[in-house]
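Because the structure is predicted, anything quoted here is derived from the model rather than measured.
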Amino acid sequence: MGEIVLIRHGETEWSVGRRHTSVTDVDLTDAGVRQAAAVATAVRERTFVAVVSSPRRRALRTAELAGLTPTEVTEDIAEWNYGEYEGVTTADIHATFDPHWNLWTDGCPGGETPAQIGARIDALLGRVAPLLDGGDVALVAHGHSLRVTGARWIGLPPADGGLLMLDTATISVLGFEHGRRAIHRWNAPA
């Protein structure tokens, strides 16, 4: 039985500034390029039956630098849609809009709710889980969408992704233990 390898994209100017970045198509910084290239070493021993990537440049560039060729590029693994909070930091949201706002429970005005991103990730997992009979699957994407992926894989609600920190250019591995879905590794630096 294969494993799902989650790869968060390398550093961007917006990730450094802690700005919510979903549809804005920012590229990797020089440090992000180095981080993404290091992912190649971390995954070189694996053979992937599928590589699924977000369509955002930062994810596609990370896949390329990691030596991975996407077999599918889909919005299903794209970042949480932040709607009106695109490009805004959590600190600014608290200061300007709502001091009690929490992405994981409230979602975003004009963007996605936790239930909506959860449904999107569930659909993706429904498609890739059968592929594990043939080997490993890589998902190259973003911090919040991959955190939701980890939570949904083990049967937790999307909001519980908020308990799973995820740094740029890290590797996480989802698999099975005694036939049950499990997280094998989380937030490991490349």
message = Run L164 and L146 through side-chain contact (heavy atoms from CB on, under 4.5 Å) and show every step you take.
response = CA-CA 9 Å; L164 301 171; L146 291 176; over 6 Å; no

task = Go through the steps to decide whether Q35 and T168 satisfy the test side-chain contact (heavy atoms from CB on, under 4.5 Å), and finish with yes or no.
result = CA-CA 8 Å; Q35 289 175 334; T168 55; 3.3 Å; yes

query = Could you walk me through whether Y82 and I93 pass the side-chain contact (heavy atoms from CB on, under 4.5 Å) check?
reply = CA-CA 12 Å; Y82 300 120; I93 293 166; over 6 Å; no

query = Going through the distances and angles, do R58 and D25 end up as a side-chain contact (heavy atoms from CB on, under 4.5 Å)?
reply = CA-CA 7 Å; R58 56 198 181 272; D25 212 5; 4.2 Å; yes

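Cluster membership check: I77 does not share its hydrophobic cluster with V26, using side-chain heavy-atom separations under 4.5 Å among Ile, Leu, Val, Met, Phe, Trp and Tyr. Linking Ile, Leu, Val, Met, Phe, Trp and Tyr whenever their side-chain heavy atoms come within less than 4.5 Å leaves W14 and V16 in two separate clusters. Criterion: ILVMFWY side-chain heavy atoms under 4.5 Å apart, direct or through other members. Under it, L163 and I183 are not part of a common hydrophobic cluster. Clustering ILVMFWY residues whenever any of their side-chain heavy atoms sit less than 4.5 angstrom apart, transitively, puts L156 in a cluster other than the one holding M165.
R34 and E11 are not joined by a salt bridge, as no carboxylate oxygen comes within less than 4.0 angstrom of a charged side-chain nitrogen. A salt bridge links R61 with E64; the closest basic N to acidic carboxylate O contact falls under 4.0 Å. With respect to R120 and E112, a salt bridge is recorded, a charged nitrogen being found less than 4.0 Å from a carboxylate O. The pair D122-R152 meets the salt-bridge criterion, with a side-chain N (NZ, NE, NH1 or NH2) lying under 4.0 Å from an Asp/Glu carboxylate O.
R127 CZ to T74 OG1: the interatomic distance, rounded to the nearest 0.5 Å, is 5.0 Å. For the atom pair CG (L6) and CG (L166), the distance works out to 7.5 Å, reported to the nearest 0.5 Å. Here the CD-CZ distance, from E75 to R56, works out to 4.0 Å after rounding to the nearest 0.5 Å. The structure places CD1 of I4 at 8.0 Å from CG of L124, a figure rounded to the nearest 0.5 Å. From L125, atom CG reaches atom CG of L139 across 7.0 Å, with rounding to the nearest 0.5 Å. Interatomic distance, T149 OG1 to I121 CD1, rounded to the nearest 0.5 Å: 3.5 Å.
With H94 as the fixed residue, the side-chain contact (heavy atoms from CB on, under 4.5 Å) test singles out one of D98, T90, D92: T90. Between V49 and the choices L131, L132, V128, D136, the side-chain contact (heavy atoms from CB on, under 4.5 Å) rule is met once, by L131.
Nearest heavy atoms, E84 versus G110: OE2-N, 4.2 Å. Between G118 and P158, the closest heavy-atom pair is CA-CG, 3.6 Å. Nearest heavy atom pair, residue R8 against residue S15, reads NH2-CB, 4.2 Å. Across T170 and D167, no two heavy atoms sit closer than the pair OG1-O, 2.7 Å. Looking at every heavy atom in both residues, L103 comes nearest to P114 through O-CG, 4.0 Å. The shortest non-hydrogen separation linking A78 to S145 is O-CB, 3.2 Å.
Under the 6.0 Å cut-off for aromatic ring centres, W101 and H20 qualify, their centroids lying closer than that. W80 and H142 have their aromatic ring centers separated by at least 6.0 angstrom. Checked against the 6.0 Å centroid threshold, F176 and H184 do not count as a close aromatic pair.
The neighbour count for R18 CZ, taken as heavy atoms of other residues, nucleotides or ligands under 6.0 Å away, does not exceed 12. Open room surrounds CD on E13; 12 or fewer heavy atoms of other groups in view lie less than 6.0 Å from it.
T24 and E86 share a donor-acceptor pair across their side chains, judged by distance under 3.5 Å alone.
Contact check for S54 versus V73: no side-chain heavy atoms found under the 4.5 Å cut-off.
When atom types are taken as modelled, the side chain of S172 and the backbone of N187 share a donor-acceptor pair closer than 3.5 angstrom. At distances below 3.5 Å, at least one donor-acceptor pair connects side-chain atoms of R19 with backbone N or O atoms of G87.
Taking Ile, Leu, Val, Met, Phe, Trp and Tyr as members and joining any whose side-chain heavy atoms lie under 4.5 Å apart, directly or through other members, the hydrophobic cluster of L68 also contains V5, I7, V39, V43, F48, V51, V140, I171, V173.
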